[in-house]
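For ligands, and for the atoms within them, numbers begin at 1 and follow the listed sequence.
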Amino acid sequence: MASSEEDGAVEEKENNNKKKTKSALATAWLTFYNIAMTAGWLVLAIAMMRFYIQKGTHKGLYRSIARTLKFFQTFALVEVGHCAIGIVRTSVIVTGVQVCSRIFMVWFITNGIRQIQNEESVILFLVVWTMTEITRYSYYTFNLLNHLPYFIKWARYNLFIILYPLGVVGELLTIYAALPFVRRSGMYSMRLPNKYNVSFDYYYCLIIVMLSYIPLFPQLYFHMLRQRRKVLHGEVIVEKDD
Ligand SMILES: CCCCCCCCCCCCC/C=C/C(=O)SCCNC(=O)CCNC(=O)[C@H](O)C(C)(C)COP(=O)(O)OP(=O)(O)OC[C@H]1O[C@@H](n2cnc3c(N)ncnc32)[C@H](O)[C@@H]1OP(=O)(O)O
């Protein structure tokens with residue numbers, strides 16, 4: 001009897017040690033990841049300001065930062081992995097929708113359709129994303145280091161109230177501006193007849209994407225409002241599992 005209790009205690013100790021090593025590794029990775037992402041978005045912010053100060057126009061700004069933007073926004077796919085393996089306590093679905101919609105905006109709208117790259121709406125969502133991400137990743141970094149200044153916490157859970165809807169307006173206006181070019185060029189579309197006997201119209205796909213903001217955006221926004229109540233006002237919130 002005594003020996004089985006001892007065995008149990010040893011096993012529990014080993015499990016605890018494994019968990020500690022795993023969480024130390026996860027913390028180290030997340031700290032590195034968040035510092036790298038904060039730096040990436042800071043570089044983007046500086047590049048945008050420099051471009052505007054030097055040229056005095058937003059025309060050509062997107063092309064000048066396109067590479068860096070594509071790199072850092074695409075790299076954010078790792079965050080879906082963080083949720084899937086459980087090293088951050090966030091829903092895979094919420095993070096997946098957020099990251100995929102951004103990647104879609106970058107690769108399949110702004111990067112794919114040159115004619116819209118100089119639209120003001122592109123600058124609007126770029127500025128909003130940049131402000132959001134500098135705040136968000138620096139929040140995670142300082143939080144992991146247990147030295148979180150209150151103004152960063154405040155900014156993380158207040159700025160989104162304005163920035164989120166503004167970002168959505170910028171994105172929707174950009175997709176709307178893309179519609180005539182997509183219709184005229186037939187890009188990314190497949191017309192019948194073809195050897196696969198499949199038809200796909202990117203123009204209607206974009207209209208569906210725009211409509212999908214109606215059910216999806218409120219869910220992301222209310223998720224953030226719940227997070228805000230939890231973090232700033234200490235409310236206990238019971239989250240549903242994915
Ligand atoms: C294929 C085509 C698809 C098209 C679909 C179209 C439809 C799209 C509709 C939606 C449109 C959205 C458009 C988006 C626009 C913009 O982004 S505008 C800019 C403004 N945006 C924002 O303010 C939102 C920014 N995004 C987020 O905050 C996140 O992405 C989120 C997933 C929405 C919410 O984040 P979440 O992680 O759930 O909340 P937090 O409070 O920040 O964190 C919860 C806990 O997780 C920990 N954590 C998370 N990530 C990390 C990390 N990287 N490192 C360390 N820790 C992390 C965090 O600390 C919290 O932990 P606890 O404190 O222990 O709770």
At what distance is the nearest protein heavy atom to [atom], and which residue and atom is it?
| atom | answer |
| --- | --- |
| atom 11 (C) of ligand 1 | Y213 CE2, 3.5 Å |
| atom 3 (C) of ligand 1 | S101 CA, 4.4 Å |
| atom 57 (C) of ligand 1 | V88 CG1, 3.4 Å |
| atom 63 (O) of ligand 1 | N143 ND2, 4.3 Å |
| atom 34 (C) of ligand 1 | M224 SD, 3.5 Å |
| atom 33 (C) of ligand 1 | Y164 OH, 3.7 Å |
| atom 29 (C) of ligand 1 | R136 NH1, 4.0 Å |
| atom 9 (C) of ligand 1 | L216 CB, 3.7 Å |

Mark yes when over 12 heavy atoms from residues, nucleotides or ligands other than [X] sit less than 6.0 Å from its [atom1]; otherwise mark no.
| X | atom1 | value |
| --- | --- | --- |
| Y164 | OH | yes |
| M131 | CE | no |
| L232 | CG | yes |
| F200 | CZ | yes |

Does any N/O atom on [X] come nearer than 3.5 Å to any N/O atom on ligand 1?
| X | value |
| --- | --- |
| W129 | no |
| R102 | yes |
| T95 | no |
| T90 | yes |
| E79 | no |
| H82 | no |
| E133 | no |
| R156 | yes |
| K230 | yes |

Heavy atoms only, cut-off 4.0 Å: how does [X] contact ligand 1, side chain, backbone, both, or neither?
| X | answer |
| --- | --- |
| R89 | both |
| Y140 | side chain |
| L220 | side chain |
| L159 | neither |

Please report the shortest heavy-atom distance between A26 and I87, naming the atom on each side.
->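 Minimum heavy-atom contact is CB-CG2, 3.7 Å.
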Might you point out which heavy atoms bring M190 and V198 nearest each other, and give the distance in Å?
->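 Shortest heavy-atom contact: CB-O, 3.9 Å.
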Output yes when a protein non-hydrogen atom is found under 4.0 Å of atom 15 (C) of ligand 1, and no otherwise.
->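 It does: a protein heavy atom is found less than 4.0 Å away from atom 15 (C) of ligand 1.
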Got a protein heavy atom sitting under 4.0 Å from atom 37 (O) of ligand 1?
->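 Looking at atom 37 (O) of ligand 1, one finds that a protein heavy atom does lie closer than 4.0 Å.
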With rounding to the nearest 0.5 Å, note down the distance linking [atom1] in [X] to [atom2] in [Y].
| X | Y | atom1 | atom2 | result |
| --- | --- | --- | --- | --- |
| T130 | F125 | OG1 | CZ | 10.0 Å |
| T132 | W41 | OG1 | CH2 | 8.5 Å |
| E79 | R136 | CD | CZ | 4.5 Å |
| L69 | M105 | CG | CE | 10.5 Å |
| Y33 | T38 | OH | OG1 | 9.5 Å |

Between F217 and Y213, ring centroids under 6.0 Å |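 Here the rings of Y213 and F217 have centres that are no less than 6.0 Å from each other.
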What is the ring orientation for W29 with F32, classed by angle as parallel under 30°, tilted 30 to 60°, or perpendicular over 60°?
->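 The arrangement is tilted - the two ring planes meet at 30° to 60°.
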Qualifying side chain to side chain donor-acceptor pair (under 3.5 Å) pairs with a residue from residues 62-78, counting only residues at least two apart or across chains =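 For residues 62-78: Y62-N111, R63-Q117, K70-N111, Q73-R102, T74-W107.
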Residue pairs involving residues 142-151 (criterion side chain to side chain donor-acceptor pair (under 3.5 Å); sequence neighbours excluded) |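 Residue pairs with at least one partner in residues 142-151: there are none.
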Atoms in ligand 1 flagged as close to [X], the criterion being non-hydrogen separation under 4.0 Å:
| X | answer |
| --- | --- |
| Y157 | 40 (P), 41 (O), 42 (O) |
| E171 | 13 (C), 14 (C), 15 (C), 16 (C) |
| V128 | 18 (S), 19 (C) |
| V94 | 32 (C), 33 (C) |
| Q227 | 39 (O), 40 (P), 41 (O), 43 (O), 44 (C) |
| N34 | 52 (C), 53 (N), 54 (N), 55 (C) |
| G167 | 18 (S) |
| S212 | 6 (C), 7 (C) |

When clusters are formed by joining ILVMFWY residues with side-chain heavy atoms under 4.5 Å apart, either directly or through shared neighbours, do L179 and L211 land in the same one?
->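 Linked, L179 and L211 end up in one cluster.
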Single-linkage hydrophobic cluster, 4.5 Å side-chain cutoff, M49 and F51 together |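 No.
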Over-ring placement of R183 relative to Y203, 6.0 Å and 45° cut-offs =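 The answer is yes, since R183 meets both limits relative to Y203.
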Selected option - heavy-atom contact closest to atom 25 (C) of ligand 1, from V168, V169, T132 =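 It is T132 whose heavy atom sits nearest to atom 25 (C) of ligand 1.
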